[in-house]
Number of protein chains: 2
Amino acid sequence: MIATKEATGALHRRIEVELECKIISGEWPPGTRIPPEQELTAVYGCSRMTVNKALSALARAGLIHRRMGAGSFVATPNKIAARIEVRDIASEIRERGMTCHFTVLESAVRRATPSDRRLLSITKGKVLGIDTIYRADETSYALERRLINLEEVPGAADVDFSRQSPGAWLLSHSPWISGEHHISAVAADPETARALGVPEGQACLRVERWVWQTKGMISYAEQIFPAIGGHQIEARFMPTK
Amino acid sequence: MIATKEATGALHRRIEVELECKIISGEWPPGTRIPPEQELTAVYGCSRMTVNKALSALARAGLIHRRMGAGSFVATPNKIAARIEVRDIASEIRERGMTCHFTVLESAVRRATPSDRRLLSITKGKVLGIDTIYRADETSYALERRLINLEEVPGAADVDFSRQSPGAWLLSHSPWISGEHHISAVAADPETARALGVPEGQACLRVERWVWQTKGMISYAEQIFPAIGGHQIEARFMPTK
DNA sequence: TAGTGGTCTAGACCACAGC
DNA sequence: CTGTGGTCTAGACCACTAG
């Protein structure tokens with residue numbers, strides 16, 4: 001066994017890290033052929049399964065590309081994929097060390113309007129519309145306009161959202177979800193400006209979130225953060241997953 | 001071998017998909033104990049390594065949590081991790097089916113000012129500052145203010161950025177990078193408004209990007225997209241990776 | 001102490017790529 | 001055809017957890 005440094009952990013893990021270093025350092029530029037598994041078993045003095053585990057991990061992480069019968073090659077990244085973690089607004093405020101209060105401005109069950117149907121991609125049924133103001137240390141932090149599809153989540157109609165925020169309830173109630181975000185900037189319209197207590201036309205960050213489960217769309221939420229609050233979304237990207 | 005349906009692919013993959021379905025459908029809620037590997041080998045009539053491969057993949061994807069000596073359990077997701085793909089502005093415009101023109105407003109090599117040093121986390125050295133306007137079909141699309149650390153990327157001083165955009169050159173020149181984005185909303189200051197041809201105070205989406213390699217910070221870029229252009233960032237999240 | 005996951009072996013057969 | 005990765009086996013030893 002070759003041991004240039006201490007054997008800190010599993011061998012397959014050390015092989016993975018060692019190869020990863022060669023790739024992200026540029027020693028093996030994109031397109032470089034990785035030594036075949038057979039050869040690596042000789043280098044590391046281990047079985048093929050162990051080498052395979054390391055190479056498979058690198059392939060899953062997108063650092064190499066494996067072609068059956070041909071070999072393994074360092075991948076050529078053409079786009080940057082960043083990862084953002086979107087938390088519930090209430091827990092986000094608390095993580096910043098501030099106290100969070102939220103007030104439900106409006107909460108009403110209604111038959112889906114044309115606008116509701118478009119946002120939730122449904123053709124009929126009832127929806128629950130909830131408008132909530134979030135305050136961080138008594139300062140307006142965000143306005144959330146949310147639609148919940150009662151056909152998919154009938155229990156939502158009976159929840160007291162003055163105690164638990166809609167976002168937190170939905171996450172705890174149906175944990176495994178898929179969805180999509182759209183992040184954009186908007187100028188505060190009169191109604192939004194009044195609700196948030198900011199000047200009309202104020203630059204705001206808008207996050208729209210569609211959430212669905214295997215069956216269908218669960219919820220749509222539009223969150224408006226005035227730029228005054230300094231709200232920002234952080235996203236990190238790394239060559240290794 | 002048990003085959004309730006067609007054996008479409010690798011067995012370890014089918015096991016993984018089957019267990020994943022039980023989790024994201026809610027049949028196995030968070031905290032549920034997964035049958036031990038030993039038991040699954042009996043269920044699927046295969047060796048332990050095959051079951052292990054499926055469970056390891058689920059663990060890596062974050063769907064289950066494995067504790068040595070204790071067992072495997074369905075994970076409790078507490079935050080939503082979304083994935084955004086940030087492309088070069090020029091290629092982004094072209095993907096929208098528009099033609100892209102960019103104009104370098106200013107390009108100058110200078111000794112790092114205090115502001116440069118703070119943004120690039122350096123204490124000395126020279127930087128290249130480039131301000132670029134991107135137009136989509138003759139309409140202002142974005143303003144980019146970029147700093148390149150010439151200590152890390154000395155070759156940047158000799159590139160003709162009127163032909164290739166700085167972002168595209170950097171990506172092709174040093175492919176394996178790490179970094180961070182901050183996404184926020186800002187009101188256009190007078191200088192930005194003039195450069196983009198929009199009213200002062202216009203709501204804009206701002207994307208800041210720090211990029212580094214193993215050694216140190218390579219570049220800082222601030223991109224301003226006026227809300228008028230309808231620019232938005234899309235992010236998708238899924239329970240399975 | 002018994003059960004569980006983490007790791008590893010030394011083979012094996014197959015599908016596919018490239019010569 | 002040979003070399004490659006994709007998959008799988010039937011064991012094994014260890015570290016750790018829980019009762």
Side-chain angles (χ1 to χ4, degrees), chain A residues 1-3 5-20 22-23 28 30-76, chain B residues 1-20 22-23 28 30-76 241:
Chain A
M1 186 195 296
I2 289 185
K5 294 198 172 188
E6 305 306 315
T8 50
L11 178 55
H12 71 84
R13 183 68 188 139
R14 289 196 298 126
I15 298 174
E16 182 188 339
V17 170
E18 212 165 301
L19 299 183
E20 180 189 325
K22 302 212 186 212
I23 294 171
W28 286 353
T32 302
R33 182 182 186 139
I34 309 272
E37 296 188 352
Q38 183 84 9
E39 194 177 321
L40 290 174
T41 59
V43 171
Y44 290 98
C46 63
S47 75
R48 200 185 136 211
M49 275 297 283
T50 304
V51 167
N52 182 277
K53 207 165 186 174
L55 293 179
S56 296
L58 291 174
R60 263 196 307 270
L63 267 77
I64 68 174
H65 184 218
R66 314 196 76 188
R67 281 165 48 214
M68 202 200 291
S72 302
F73 306 86
V74 176
T76 305
Chain B
M1 186 195 298
I2 289 184
T4 49
K5 294 198 173 186
E6 307 305 318
T8 50
L11 177 55
H12 71 84
R13 183 68 187 137
R14 290 197 296 126
I15 297 174
E16 182 188 339
V17 170
E18 211 163 303
L19 298 183
E20 180 189 325
K22 302 212 188 212
I23 294 171
W28 286 354
T32 303
R33 181 183 187 139
I34 309 271
E37 296 189 350
Q38 183 85 8
E39 194 176 323
L40 289 174
T41 60
V43 171
Y44 290 98
C46 62
S47 75
R48 201 186 134 207
M49 275 296 285
T50 303
V51 167
N52 182 278
K53 205 165 188 175
L55 292 180
S56 297
L58 290 174
R60 197 176 280 254
L63 267 77
I64 68 173
H65 185 218
R66 314 197 77 188
R67 281 166 48 215
M68 202 200 291
S72 302
F73 306 86
V74 176
T76 305
K241 198 209 82 62

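What you see is a predicted model; the values in this text were computed from it and never measured. Order of the sequence lines sets the chain letters (A, B, ...), proteins ahead of strands, with each chain counted from 1. All values below come from the heavy atoms of this structure, side chains included, with hydrogens, waters and symmetry mates left out.
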Give the rounded distance in Å between these two atoms: CG of B:Asn52 and P of D:dT7.
15 Å
Rounded off to whole Å, could you give me the CZ-to-P distance for the A:Arg66 and D:dT7 pair?
10 Å
Take the protein atom CD1 of A:Ile64 and the nucleotide atom C1' of D:dT4, then report the distance between them rounded to whole Å.
13 Å
What's A:Ser72 touching, base or sugar-phosphate or nothing? Going by heavy atoms closer than 4.0 Å.
sugar-phosphate
Specify the separation, in whole Å, of atom CD1 of A:Ile15 and atom C1' of C:dC8.
11 Å
Could you check how far CG of B:Leu55 sits from C1' of D:dC8, rounded to whole Å?
16 Å
Gap separating the CZ atom of B:Arg60 from the OG atom of A:Ser56, nearest 0.5 angstrom
9.0 Å
Does D:dT9 have OP1 or OP2 sitting under 4.0 Å from an N or O in the side chain of B:Thr50?
yes
How long is the gap from CG on B:Leu40 to OG1 on B:Thr50, to the nearest 0.5 Å?
11.5 Å
Output the rounded distance in Å from CZ (B:Arg14) to C1' (D:dT7).
13 Å
Does A:Gln38 offer a backbone N or O that forms a donor-acceptor pair with the side chain of A:Thr41 under 3.5 Å?
yes
If you pin A:Gly69 and B:Pro36 to their nearest nucleotides in DNA chain C, which one's is more 5'?
B:Pro36
Roughly how many Å is it from CD in B:Gln38 to P in D:dA10, rounded to a whole number?
13 Å
What's A:Arg33 touching, base or sugar-phosphate or nothing? Going by heavy atoms closer than 4.0 Å.
sugar-phosphate
By nearest heavy atom, map A:Arg67 and B:Ala70 onto DNA chain D; which one lands nearer the 5' end?
A:Arg67
Quiz question: going by heavy-atom distance under 3.5 Å, is there a donor-acceptor pair between the base of D:dG6 and the side chain of A:Arg48?
yes
Quick one: which of C:dG5, C:dT7, D:dC8 gets closest to the side chain of B:His12?
D:dC8
Can you check the A:Met68 CE to C:dC16 P distance for me, whole Å?
6 Å
Do NZ/NE/NH1/NH2 and the carboxylate oxygens of B:Arg66 and B:Glu37 come within less than 4.0 Å?
yes
If I take atom CD1 from residue A:Ile15 and atom SG from residue A:Cys46, how far apart are they, to the nearest 0.5 angstrom?
4.0 Å
Suppose we define a pair by two distances each less than 3.5 Å, Watson-Crick or G-U wobble; what does C:dA17 pair with here?
D:dT2
